[in-house]
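Have a look at the structure below before the remarks.
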Amino acid sequence: MAWITKNSATMEIERRDEPYLTDAMKAKLTADVLPRFPRKQAATLPALHEVQHAYDYIPHQALEEIAAFLELEPSVVMDTATFYEEFFLRPRGKYLIWVCQSLSCEIMGQPTLLEQISAKLDIEPGETTDDGKFTLMTAECLGSCGTAPVALVNEDLHENLTYDNFERVLDSLK
Amino acid sequence: MALDAPILTKRIPTPPFGDIADRKVVSYDQFVATGGYAGLDKAVSMTPAEVIDLVKASELRGRGGAGFPAGLKWSFLPPEDGGQRFLTVNADESEPGTFKDRLMLEFDPHLLLEGIAICMHACRLDTAYIYIRGEYHLQRKRVQAAIKEAYDNKIFGPGSKLGQINGRDPQCFDHRGAGAYICGEETGLIESLEGKRGWPRIKPPFPAVAGAFGRPTIINNVETLAMVGPIMVEGVDWFKSMGVARPEGAPPTVPASYGPKLFGISGLVNRPGVYEDQLGITLKELIEVHGQGMRNGKKFKGAIPGGISMGVLGPDQYEAGLDFDIGKKYACLGLGTAGAIVFDEDTDMVSVARNIARFFAHESCGQCTPCREGTGWMYKMLTRIEAGNGRTKDLDLLLEIAGSIGAMPGTTICGLADGANWAVRTIVNKYWDEFESRVKPTLVQVTVGS
Ligand SMILES: Cc1cc2nc3c(=O)[nH]c(=O)nc-3n(C[C@H](O)[C@H](O)[C@H](O)COP(=O)(O)O)c2cc1C
Ligand code: SF4
Ligand code: FES
């Protein structure tokens, strides 16, 4: 789980006039997602995924918009959003790298691999490169232990990693 | 003891029956052409109660970790009252060492959908949600495509083969998780489905009585449901001809370990992967036959039998039979997900314990103090021991903390803490000498003279 803390007292929410949760998104959620559940709150995860898919992260203003759309308090949506590792409440890089650090991957060489990736990108896990291209994260078991070590880059899983083959993957990304 | 023919992997080429390179996603038409949905046809020709009785008689046990008899679970539902009733399919697969459901979702999603439809008919459930972990992108897309085909072919939706259930057209949806191991715990999953943080609920009430949206809900693992179609077609005797019977003299209330099972194997073996075999094959067979032996001819040092929550099998437990009784016989928690992780002579067991403790500390949902704090302390202590700064008394403290957390000792809400408890305790106990050699003796203060 994610233990996200924020400085509530001094935090200012950046706002823009144009909504993040667009009418097109609302229409899609209304047609495809809301009818699936007896309660609107159940559309929280789908709505968060939708917003994150569009902007690569979930701005605070979008949390409020989702709350209004689902007839919830913003704090309720915030509560849910901060619980899940996959949701980013701050901007992240164009390519999100999740390196699995659980047991099968560790005994198959992940620690060295992570160090090398970290050195190449010159960032620690949790950080984003200055050019905004890569964010490096560690993940717990990605469910592909038979081809350890593995890493996800956005939605693509890369298996049987060595530093050389993974470096080629990273270099090929524009 | 090998299987005569593949069952769950019938359409997913897997050694020794097929070549992994030939794997392709199985479409609805290919599924039907190879006998698929025959189990559903058979089920809908029977009454719901007859289907439940058949699944009960097969003694099919849950494949998600706890091994609870599926038919029995299905019979716990209250009588229908016209309101909605749900099936939540557990495809959250996040237990380190486990990657078997992924195979079903990726290549033969209709085998799962067939099991879902049979379960909905038997239990009178009108809506199914397949809760798929957020990181399974390809698998999610494959399942979505299969669901669409199933609607087009009247498995679900208006005009479904199932008829109306609770006055509604039967529905099946995928639902995407967002990266939290705890959402695999059944009530954590339900909370997450409802749009909240995945905090497990105190039980009772059990989901069968008050689950999703406060309504009766059945929750089963992907592999459990995928097994139901073949059982409908081939029958109870066929299913029970595989696996291990209950121990001699045990009352019929003690469930046996029948049927085929997907076994995962990862770590230091030559051919890691998911293989199908009978329940009860030995760890030795799993490693030597399916895993093609230890890598680089190294010596076996131990293995996690089924996901890290189960603890460890030591160097002298190489012949352990992998069935649901493994826990009692070999001092581990159980068979779990049957996803083995194999260690060789070079594996540092202190690092293994540290890695596992970090996993639980990271994934603890934080509701119960013993779990939230205990897993964190264990991680810190093991990090210290690994760095050579531990003391002998730390080992005792480690065992004491580990032994005190969990739903079994009664200090926590869910089983995540039991997993941490068993994993750390069994590793420290079974590799005591290794741990002892890594810590400094505890200094005891003595008073000299007077
Ligand atoms: C911490 C925790 C995580 C779990 N994760 C999963 C999981 O990822 N997949 C799964 O099928 N069961 C998981 N389970 C077991 C479920 O709670 C539940 O027993 C299971 O889904 C029931 O299905 P079955 O009877 O078909 O096995 C987990 C349990 C606990 C305590
Ligand atoms: S045992 Fe741990 S994971 Fe389970 S409910 Fe309690 S704090 Fe959460
Ligand atoms: S341990 Fe890395 S994918 Fe499972």
For a quick test of reading the model, state the closest non-hydrogen atom pair linking [X] to [Y] and the distance between them.
X      : Y      : answer
B:R197 : A:T80  : N-OG1, 3.9 Å
A:Y84  : B:S192 : OH-OG, 2.9 Å
B:R102 : A:S144 : NH1-CB, 3.8 Å
B:G97  : A:C145 : N-SG, 3.3 Å
B:T347 : A:I107 : CG2-CG2, 4.3 Å
A:G143 : B:Y136 : O-OH, 3.3 Å

Could you tell me whether the side chain of [X] and the main chain of [Y] form a donor-acceptor pair under 3.5 Å?
X      : Y      : result
A:R36  : B:C172 : no
B:Y181 : A:C141 : no
B:H137 : A:L157 : no
B:N355 : A:Q101 : yes

Where does [X] contact chain B at under 4.5 Å (heavy atoms): side chain, backbone, both or neither?
X      : value
A:L152 : side chain
A:L72  : neither
A:N154 : backbone
A:Q52  : neither

Check against side-chain contact (heavy atoms from CB on, under 4.5 Å), B:F99 and A:S104: CA-CA 11 Å; B:F99 48 107; A:S104 302; over 6 Å; no

Are more than 12 heavy atoms, taken from residues, nucleotides or ligands other than [X], located less than 6.0 Å from that residue's [atom1] atom?
X      : atom1 : value
A:K133 : NZ    : yes
A:D130 : CG    : no
A:E167 : CD    : yes

Please look at [X] and chain A and tell me whether the side chain, the backbone, both or neither of the residue comes under 4.5 angstrom of a heavy atom of that chain.
X      : result
B:D92  : neither
B:L193 : both
B:V274 : neither
B:I304 : side chain
B:R271 : neither

What residue, out of [options], has the most heavy-atom pairs lying under 4.5 Å from chain A?
options                        : result
B:G339, B:S351, B:G198         : B:G198
B:R215, B:Q171, B:R176, B:R295 : B:R176
B:S266, B:A212, B:P272         : B:S266

Check ion pair B:K196-A:D79 (N to O, under 4.0 angstrom):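 Salt bridge between B:K196 and A:D79, a charged N being under 4.0 Å from a carboxylate O: no.
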
Lys/Arg-Asp/Glu bridge criterion (N-O < 4.0 Å) met for B:K141, A:E155: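 Yes, B:K141 and A:E155 are salt-bridged.
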
B:F173/A:F37 aromatic ring centres below 6.0 Å: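 For B:F173 and A:F37, the ring centres are not under 6.0 Å apart.
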
Interface residue of largest heavy-atom contact number with chain B, from A:D156, A:L70, A:L103, under 4.5 Å: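 Counting heavy-atom pairs under 4.5 Å, the top option is A:L103.
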
4.5 Å side-chain heavy-atom contact, A:E140 and B:E95: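 A side-chain contact is absent here, since even the closest heavy-atom pair is not under 4.5 Å.
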
Close side-chain approach of B:E194 to A:Q41, heavy-atom, < 4.5 Å: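 In short, these two side chains do not touch, never coming nearer than 4.5 Å.
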
Side-chain H-bond candidate by donor/acceptor type, B:H362 with A:E85, under 3.5 Å: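 Short answer, yes.
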
